[in-house]
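In listed order, ligands and their atoms are each counted from 1.
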Amino acid sequence: MSSHKKILVTGASGLLGRLVVSELEQAGQTAIRAGRKPPANAAGMASWLKLDLKTGDGLEDCVSGIATIIHCASSTGPFDPEVDVSGTKALLAAARSAGVSHMIHVSIVGIDRVPYQYYKIKLQAEEVVRASGIPFTILRATQFHEFAEFLLARLTRLPLVFLPGGIKIQPVETRAVAKRLVEIAGAEPTNGIREIGGPDVWELRALVKTWLGAHQKRRLLLPMPGLVLGRLARPLRSGGLTTSVQSELSLNWEEHLSGSAAG
Ligand SMILES: NC(=O)c1ccc[n+]([C@@H]2O[C@H](COP(=O)([O-])OP(=O)(O)OC[C@H]3O[C@@H](n4cnc5c(N)ncnc54)[C@H](OP(=O)(O)O)[C@@H]3O)[C@@H](O)[C@H]2O)c1
């Protein structure tokens, strides 16, 4: 990878964006972080620029002199197409004018199979990237370990936990995704979709049990009728969120848990 290529990381304050910046820096690359709020140590930091994808604030400055964008920004809660779809479109328009030569877009495995509101927005964002005319690579990842933990913590708040059977999940280490993005930044755009998933596919019930064990919690697990999940049940059971691309770089779920539960 050329060492003087400037790489813009959007969503640099997020779970993934922070690790992408750290991996780029470890690889000796120049990472420009963009976000709505400056990080705590931003004073005098040449590598932070303001960017609000909803208002368009900072767009031109962010893309000026940039060769590659690693687009990690997303409105992950509340979901907002003005950020993910219109915002990505505006970023791409500015990037085209600035001569950006590689747009790397972060997406999610199964967004075309699982009918969920956020995934519809993510699909539209991919479409915007594809139509932009800028050479691109889309990386679809499975659920990050920390996100899986966040969901499991919510799911198991009460002593009785109702779980639908047969749901398949393939959590991946976020740093492995960041490393893959840095690798992609060093390669030519593919103008296509790449995928990355964790080393193992888990059944939700087994995932919950390992999580409860690691956190020394006891819960009564009861079956939830599939009907409750509606149209989500079938794709979630047939592996809609999983991929055959199992990252060799990623820690597996139990390795992740032994670190996070200890810490
Ligand atoms: N989490 C997962 O399990 C997972 C799995 C597969 C793929 N992905 C994808 O990976 C990407 C990163 O996810 P993440 O988990 O790292 O999300 P995250 O922690 O919620 O980070 C989202 C980032 O987007 C920024 N952002 C939000 N609204 C913005 C706006 N209006 N203008 C500019 N920046 C804005 C946030 O910055 P502020 O500090 O300004 O809020 C934050 O840095 C997303 O595209 C997501 O769909 C996530």
Checklist outcome for this item: Contacts satisfying salt bridge (charged side-chain N to carboxylate O under 4.0 Å, His left out) that involve residues 124-134 (not counting sequence neighbours) are Glu126-Arg130, Glu126-Arg140, Glu127-Arg130
Checklist outcome for this item: Residues with a heavy atom under 4.0 Å from ligand 1, by chain and number, are Gly11, Ser13, Gly14, Leu15, Leu16, Arg36, Lys37, Leu51, Asp52, Leu53, Lys54, Cys72, Ala73, Ser74, Thr76, Val83, Val106, Ser107, Ile108, Tyr118, Lys122, Ala141, Thr142, Gln143, Phe144, Phe147
Checklist entry - Do Ile167 and Leu229 touch side chain to side chain, with heavy atoms closer than 4.5 Å? => result yes
Checklist entry - What pairs of residues pass the ring pair (Phe, Tyr, Trp, His ring centres under 6.0 Å) test when at least one of them lies in residues 91-110, not counting sequence neighbours? => result His71-His105
Next on the checklist: Show me the pairs that pass salt bridge (charged side-chain N to carboxylate O under 4.0 Å, His left out) and involve residues 16-28, at least two apart or across chains.
Outcome noted: Glu23-Arg175, Glu25-Arg33
Item to check | Passing candidate, side-chain contact (heavy atoms from CB on, under 4.5 Å) with Ile169, options Leu207, Thr242, Val208 | outcome: Leu207
Checklist entry - Quick check: are there more than 12 heavy atoms from other residues, nucleotides or ligands sitting under 6.0 Å from CD of Gln26? => result yes
